[in-house]
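Below: one structure, written as structure tokens.
Scope of the values below: all heavy atoms of this structure, side chains included, with no hydrogens, waters or symmetry mates. Chain identifiers are assigned alphabetically (A, B, ...) following the order of the sequence lines, protein sequences preceding nucleic acid strands; residue numbering begins at 1 within each chain.
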Amino acid sequence: MIQQQQKQHQITSFQLIFIVAGIQIGVGILSLYRVTFEAGAGTDAWMGVLLAWFIAQIAIFLIVHLCSIFPEDSLIDYSSKILGRVLGWLLSFTVLGYFLGAAAIISRTFAEVLQVWTLQKTPIPVLISLTLIPSLYLILLGIKAFARFAMVILLLTWWLLLTLVIPLKQGDILNMLPIGHAPLPGIISAALATSLAMIGYELILLFYPFIDRKRDVLLSASIGNGLTGLAYIFNVVTAAIFFSPADVPNQMWPSLQLLKVIQFSFLQRVESIVLSFWLLLVVVTVAGYYWASAFSLYKLINMKSFKLSAVVMAPIIFIVSLLPRDINQVTDIGDKIGTAGLILSFSIPILLLTVRYLKKWRSK
Amino acid sequence: MNPEKLKELEAKINVIHKDIETNLLIVEAFFQDSELVSKRITNAAKKKVLYGLVYLDNSVDNALINRDVLKLIRDHVTKNSPRSQVIAELEDSIANISQVYSLDEAMDFLVQGFVIFFAEGIDNAWVMELRGFPRRAIKEPETEVQARGPKVGFTEIVGENMALLRRIIKSSELKYKTFIIGTKSKTIVVLAYVETLLKDDVLQEIEKRLNSIKTDAIIGSGQLVELITDHPGSPFHQILRSERPDRIAADLLEGKAAIFVDGNPDALILPATMPMFFTTLDEYNTTWLFGSILRLIRWGSFVIAAFLPGFYIAVVSVNHEVLPIEFLIIISESRTKVPFPPILEALLMEVTIEILREAGIRLPGALGQTIGIVGAIVIGDAAIRAGLASNIMVIVVAVTTIATFVLPVFEMQLSLRFIRFPLMVLASMFGLVGLFFGISILIAHLSAMETVGKPYLSPIAPFRTTEMQDTFVRLPFFSITKRPSSAKDIKRQVSNRRKK
């Protein structure tokens, strides 16, 4: 029994910080400033990101509260316990579809970025496999390996934030002024537009039973979310200072454009190197969603082994990621997936908690 | 020996017979056509065999047998002393003597180089350790040279190695457990550990693995590594081998176990983690400042040795944009005469270097150096002049090779030589993205590996702040107050006049 529990508790709550941050930081940050700028926040985009951070924090509260009721079960297990078989199955299926879509769209978006920036002649399917193959390998190795992987990658990549100091120095603070001119609706819609960049914390719904110290989960998830929030705000503020407002709509991926100004006598186009480095972070994100979708499938139809469902999932994600026709559609679907993530991470806890409360109330 | 006779004899070896002649004949039958010596000691009338001595020639020290055994028995036989007196005196005069109760057991001792002593009319025998076989002097291991510290290395005799280790850890907490592995080789395998530091579950797991081995023979300790390792297919070794007693002692004191294999001048340390392959005792034998610098140099060399060729190929064949135009001109000028794509050029040079290195190892000292000079300078220079390789590529390959040699453990050098090639191929296909694709798989592989339950990347992932003090850097001894978390007792006593 003890051994079984030990076997199940494979992630430490400390590692959860890096899992949450690692899954959150993926492709969303690359276009973050343009997206929030265009959503209506203008140069006050950082307020939108701040708001999004708070929204994510509230979602984390709700999710962890829901999970703490069933500490040894995942969402797939208890959704049918609360909602009944049919509705529970329907919810789990929706969630599965969402995870699948997120994994697919993130790897596709990154493939598009790669094609535009460095590998123009490489076909998209090959570029997608560049993130899918390591993800498949990683989740086949188990969730423990995934947690350690996320940790190593975050330790290897945090210094990339420091490179932003150079564009910050070269920018002009006037670009960002006046502060606070954006209307409140603009900031709110900017916050919603950030959702693709912020999602990732909802995977706690599935990770929760694997974490060893449940009482630290809320703290760890919040720290992870906080790190992401800080990184995003730093990124957005730098971008706001660096770009003149008129120029922003022309920048598809402002975060990469920022790095273009960094030059050494022996190295230029640093963004090319950073983008390749970014592959590691995208692998964490894709592997997270890939794991979630494979795990949901495994639980949902009672598959024999998790590995089998991971292998079954690979071609499905690959095909789904090829469905969008062009980069515009990819961006559109990406936004929709982000919105779906936001809606799900609020509706699932609220729905399940309410139904559970009503049931209890009725049985009294 | 024919099967029927063997069967007949095997039925008789679970006891010691009272009749001495039967015993001797059975042992002689088993050891027919070998170096067995069986001596029958008769009474003065030369009629009755009273005592028997059996041993393998050249495995025992003849001078010791003459002086301590034969002379004693001879004296008593002439004096017609009673048997019990002979035995009692013999037991007193030999340091390592014990009783055995079956021929089977006695023969197991015999092949280890013991002398069997039979007495007429007694149904047990004695085995005496009077071993003497060719041995070499204790020297500093050539593969693990250190700038400072003891110039002592293990030898091929397991007992000597145990003694060398005991000289460093003079405590009853140092335990040795002996295993005999191999149905034919009967190799002595000794598990050494510090009782209060090695975790019980790790000890049990190692014992379980050693006990479950069924094989004909263990000759090299590398064979044992493959039999007990967790991931035999991995390009990284999870069991560290060292020929230095000081290193083994240091690791035992961190809560590891060591395994000696008789006939091998090294010990296996497990569970080993990746950072352990970057340490030597040199860092501990100097001040922490220089110790830390040495560590950082090694990790830096690891990065260079693993990724530099891949990075160069990526930049030259795909990601031209990352180099400034002046730099690019230098590279393309050097490559104008080269007819191959960069990856082929790199593989050509890397494979040449690997061949040269392999050739150098087998050749005796002076000749090995000549090969190095001929290979590196003559072939390298000629290749550039002939236009088969660019000089920048030669620089890259040379730097990579030298960086590989910085790593103190041979096994890690092998791993590096191996992982370089797939990374180079990926880099030539997808540039830097391909390189990082390879790195992501590499990191995934490393983070999944565990040795006897201990994560391979520990203390990097899972992250342990206290252990980080002794991973990439080595902080002063007085600030390292914790042992690695894999030890049973992690509190380390340190204090000096500054810190109590």
Side-chain angles (χ1 to χ4, degrees), chain A residues 6 11-12 14-15 17-18 110-111 113-115 117-119 121-122 126-127 129-131 133-156 263-284 286-287, chain B residues 201 231 234 273-275 299 303 307 310-311 314-315 317-328 330-331 423 426-450 453-465 468 471-472 485:
Chain A
Q6 273 176 349
I11 309 176
T12 63
F14 181 66
Q15 283 170 334
I17 298 175
F18 299 94
F110 191 64
V113 179
L114 285 181
Q115 202 179 39
W117 281 84
T118 66
L119 299 167
K121 287 177 196 153
T122 317
V126 177
L127 291 175
S129 5
L130 284 183
T131 47
I133 292 173
S135 305
L136 171 64
Y137 178 61
L138 184 58
I139 67 168
L140 285 180
L141 291 173
I143 189 166
K144 224 179 190 175
F146 173 69
R148 288 182 199 147
F149 183 81
M151 168 118 211
V152 176
I153 299 303
L154 269 270
L155 287 178
L156 281 178
Q263 278 197 1
F264 302 100
S265 55
F266 54 93
L267 216 62
Q268 55 182 27
R269 300 283 304 271
V270 175
E271 81 278 8
S272 219
I273 299 174
V274 171
L275 186 62
S276 318
F277 214 96
W278 208 255
L279 179 103
L280 299 174
L281 272 170
V282 175
V283 167
V284 176
V286 173
Chain B
D201 51 343
H231 309 272
S234 166
T273 59
M274 186 165 173
W299 283 96
V303 172
F307 308 129
F311 184 79
V315 166
S317 53
V318 182
N319 297 77
H320 310 282
E321 74 275 7
V322 302
L323 288 184
I325 190 77
E326 302 82 21
F327 204 160
L328 209 57
I330 301 176
I331 291 181
L423 288 176
L426 283 170
S428 76
M429 286 160 75
F430 304 110
L432 290 173
V433 180
L435 184 67
F436 281 100
F437 168 82
I439 292 176
S440 71
I441 290 186
L442 196 66
I443 296 176
H445 176 73
L446 288 174
S447 28
M449 278 206 292
E450 286 188 356
K454 170 95 175 164
Y456 191 58
L457 273 190
S458 165
I460 305 160
F463 193 79
R464 305 245 185 270
T465 331
M468 280 314 245
T471 304
F472 295 109
S485 57

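- With a 4.5 Å cut-off on non-hydrogen atoms, B:Ile441 touches chain A through its backbone and its side chain both.
- Between chain A and the options B:Ser447, B:Gly434, B:Ala444, heavy-atom pairs under 4.5 Å are most frequent for B:Ser447.
- Pairing each heavy atom of A:Leu119 with each of B:Phe430, the nearest pair is CD2-O, 3.6 Å.
- Two residues are said to be in side-chain contact when any heavy atoms from C-beta on lie closer than 4.5 Å; B:Phe463 and A:Leu155 meet this criterion.
- Among the candidates B:Glu326, B:His445, B:Met449, the residue making the largest number of heavy-atom pairs closer than 4.5 Å to chain A is B:His445.
- Comparing A:Leu280, A:Leu130, A:Thr122 by heavy-atom pairs within less than 4.5 Å of chain B, the highest count is held by A:Leu130.
- For chain B, the nearby part of A:Ile153 is the side chain; its heavy atoms alone come within less than 4.5 Å.
- The two atoms that bring A:Arg269 and B:Glu321 nearest to each other are CG-O, 3.3 Å, heavy atoms only.
- Only the side chain of A:Val126 comes within contact range of chain B, with at least one heavy atom under 4.5 Å from a heavy atom of that chain.
- Both the backbone and the side chain of A:Leu267 come within contact range of chain B, with heavy atoms under 4.5 Å apart.
- Contact of the B:Ile443 side chain with the A:Leu156 side chain is registered, since non-hydrogen atoms from C-beta on lie closer than 4.5 Å.
- In terms of heavy atoms, B:Phe436 sits closest to A:Ile273 at CE1-O, 4.5 Å.
- At a 4.5 Å heavy-atom cutoff, the contact between A:Tyr137 and chain B is made by side-chain atoms alone.
- In this structure, the side chains of A:Phe149 and B:Ser440 come closer than 4.5 Å at one or more pairs of heavy atoms.
- Rounded to the nearest 0.5 Å, atoms OG (A:Ser272) and CG (B:Leu432) are 6.5 Å apart.
- Ranked by heavy-atom pairs shorter than 4.5 Å toward chain A, the options B:Pro324, B:Ala448, B:Ala461 are led by B:Pro324.
- For the pair A:Gln268 (side chain) and B:Leu323 (backbone), a donor-acceptor distance under 3.5 Å is present.
- Put simply, the side chain of B:Val318 does not reach to within 4.5 Å of the side chain of A:Thr118, judged on heavy atoms.
- Taking chain B as the reference chain and counting heavy-atom pairs below 4.5 Å, the highest number among A:Trp278, A:Phe18, A:Phe266, A:Phe264 is found for A:Phe266.
- Residue B:Phe327 touches chain A through its side chain alone, counting heavy-atom pairs closer than 4.5 Å.
- Neither the backbone nor the side chain of A:Ser135 comes within contact range of chain B; no heavy atoms are under 4.5 Å apart.
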